[in-house]
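Structure, as structure tokens:
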Amino acid sequence: MTDENGMQALAKRIQRLEDIEAIKRVKYKYFRCFDTANVAEIADVFTEDVVLTVVGGVYKFELKGRDNYLEMVRDGAHAEMVTQHNGHHPEIDLLSETTASGLWYLNDYVLEFRRKQHIQGTAFYRDTYVKERDGKWRIQRSEFERIWEISDAIEKMPNVTYSYLAQHGHRLPPGEIAPFKRDD
Amino acid sequence: MTDENGMQALAKRIQRLEDIEAIKRVKYKYFRCFDTANVAEIADVFTEDVVLTVVGGVYKFELKGRDNYLEMVRDGAHAEMVTQHNGHHPEIDLLSETTASGLWYLNDYVLEFRRKQHIQGTAFYRDTYVKERDGKWRIQRSEFERIWEISDAIEKMPNVTYSYLAQHGHRLPPGEIAPFKRDD
Amino acid sequence: MTDENGMQALAKRIQRLEDIEAIKRVKYKYFRCFDTANVAEIADVFTEDVVLTVVGGVYKFELKGRDNYLEMVRDGAHAEMVTQHNGHHPEIDLLSETTASGLWYLNDYVLEFRRKQHIQGTAFYRDTYVKERDGKWRIQRSEFERIWEISDAIEKMPNVTYSYLAQHGHRLPPGEIAPFKRDD
């Protein structure tokens, strides 16, 4: 009896560590797929009702639903740019067996050659995760809040010696590109 | 009997993994609070007798005690700058049930607009952690040693499109700013 | 009986978490030693038959065997440069008790003063690890594939205020430096 109780307590602690590792991996996959415009694979990290809010300098908007998020991923990483989003310092808290919160420190670096714009900065992500019926953790809510952002014109084109997105990213139609999304 | 011994061994291994995760989070909180001048929250990551040693290019000093550390945090992240400190590659070793060492690979990027100075580089942190009576791990000793550092004048002011510190950071009094701390 | 079975299952789950942490540390040590030209310590992270493939912009080659890898580390981080390789977002999968795969998101930043060249970019590492007879995980295969790379001439020498490699790195003989390794 005692042992059984003790074992259940241990199993619970192991489960917590496994859940934390699994949640980190959801976000790692998110960044990996985002920067390689991998729309097919990134779909699996969101709940169907996912909500994203972004409070930054050039961007400020709210987005609802997986389909809208996937559209943003496809438009957000196109062929005429290089993009880097790295999530550091994961502070994951289990709130229940199937819900969790996460706080991340983002470092992003983007060169957008169509707009000739360089955007660089840091931000916090405050996420909510849920473990769905299939046992997978997914992002249900993600709040992006800038710490700092610098956005300068690219005056001299850098010497890009390799670009995965040039080969695999979404090709923009000719002409102007839409302005940054700001719901003010 | 056998089971009880086996369970104790398992519990010890779980505890080690939990401690490693807890120690990482102490450092994550440190960086998060440092870059947002969150003096109130960062206080909890230090022991009262914390010692910091810094061996770099523009900085070289030793600092003793939590109060002095908190003062440095407040001065170190003020309103006229953007600052980014990311700790990577945590190599945490438990030395006993209540002591541990940590080795981190820091990447930092700072634009200080009062001095018009850009500092960028990498460093190792060699930390000592202790688990105090309240069950929380804290930093007792932190040795910062540069790998490389570049410090150039900011010749053209960047286009800062967002700054958390401009709103929430310590406001420097008008006039000159103190030189970098170097105890040579 | 039941308890014993249950305990074995728990021990296996703990072992998996310990292995993931151990594998991350192998890679962390790799980056730490690479950027400080620590050839002696880095030797321990490779199997004797390690294979590295690199597909990038300025570099493209395959390398076989630990001795050749160590030679590359010594030449790759010499005294007239600053170099930063950070591995993020570890996605580690245990394939068996003694084999595992790892996917990492690299961010690298290099200033090479002999060639007067700045190289910056991101890449994925797709690694294979094996746990050898001494119980240590090592890198057996590492596939480096660029996401993006920018390689520009250094037109104005930066103000290097600290350099570990200047003191501890391999000193290049006078004269020209070999071109980047490309097996096309």
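By convention in this document, chain letters (A, B, ...) are assigned in the order of the sequence lines, proteins followed by strands, and residues within each chain are numbered from 1.
- Separation of atoms CE (A/Met7) and CE (B/Met7) is listed at 7.5 Å; rounding is to 0.5 Å.
- In this structure, the portion of A/Thr122 lying under 4.5 Å from any heavy atom of chain B is its side chain and not its backbone.
- With chain B as the partner, the residue from A/Gly121, A/Pro90, A/Ala153 showing the most heavy-atom pairs under 4.5 Å is A/Pro90.
- Note: B/Lys24 NZ to A/Ile20 CD1 = 10.5 Å, rounded to the nearest 0.5 Å.
- For A/Leu10, the parts lying under 4.5 angstrom from a heavy atom of chain B are both the backbone and the side chain.
- Heavy atoms only, all atoms of each residue included: B/Thr83 and A/Trp148 are closest at O-NE1, 3.6 Å.
- Heavy-atom distances place both the backbone and the side chain of B/Lys29 under 4.5 Å from chain A.
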Pair B/Glu21-A/Arg16, salt bridge (Lys or Arg N to Asp or Glu O under 4.0 Å): steps then yes or no: CA-CA 11 Å; B/Glu21 181 69 15; A/Arg16 180 182 158 273; over 6 Å; no
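- Taken to the nearest 0.5 Å, the CG atom of B/Leu111 stands 8.0 Å off from the CD atom of A/Gln120.
- Among A/Ile14, A/Val58, A/Leu17, the residue with the largest count of heavy-atom pairs under 4.5 Å with chain B is A/Leu17.
- The contact between B/Glu18 and chain A is made by backbone and side chain atoms together, counting heavy-atom distances below 4.5 Å.
- With chain A as partner, the option from B/Tyr162, B/Tyr109, B/Phe31 having the largest number of non-hydrogen pairs under 4.5 angstrom is B/Tyr162.
- In this structure, the separation between CD1 on A/Ile150 and CE on B/Met157 is 7.5 Å, given to the nearest 0.5 Å.
- Not one N or O on the side chain of B/Asn159 forms a donor-acceptor pair closer than 3.5 Å with the backbone of A/Asp152.
- Within a 6.0 Å radius of CD in A/Glu48, no more than 12 heavy atoms belonging to other residues, nucleotides or ligands are found.
- Relative ring orientation between A/His89 and B/His88 is described as tilted, the plane-to-plane angle lying within the 30° to 60° band.
- Within residues 92-106 of chain A, the residues approaching chain B closer than 4.5 Å by heavy atoms are, in numerical order, A/Ile92, A/Asp93, A/Leu103, A/Tyr105.
- The candidate with the highest count of non-hydrogen atom pairs below 4.5 Å against chain A, out of B/Gln15, B/Arg13, B/His168, is B/Gln15.
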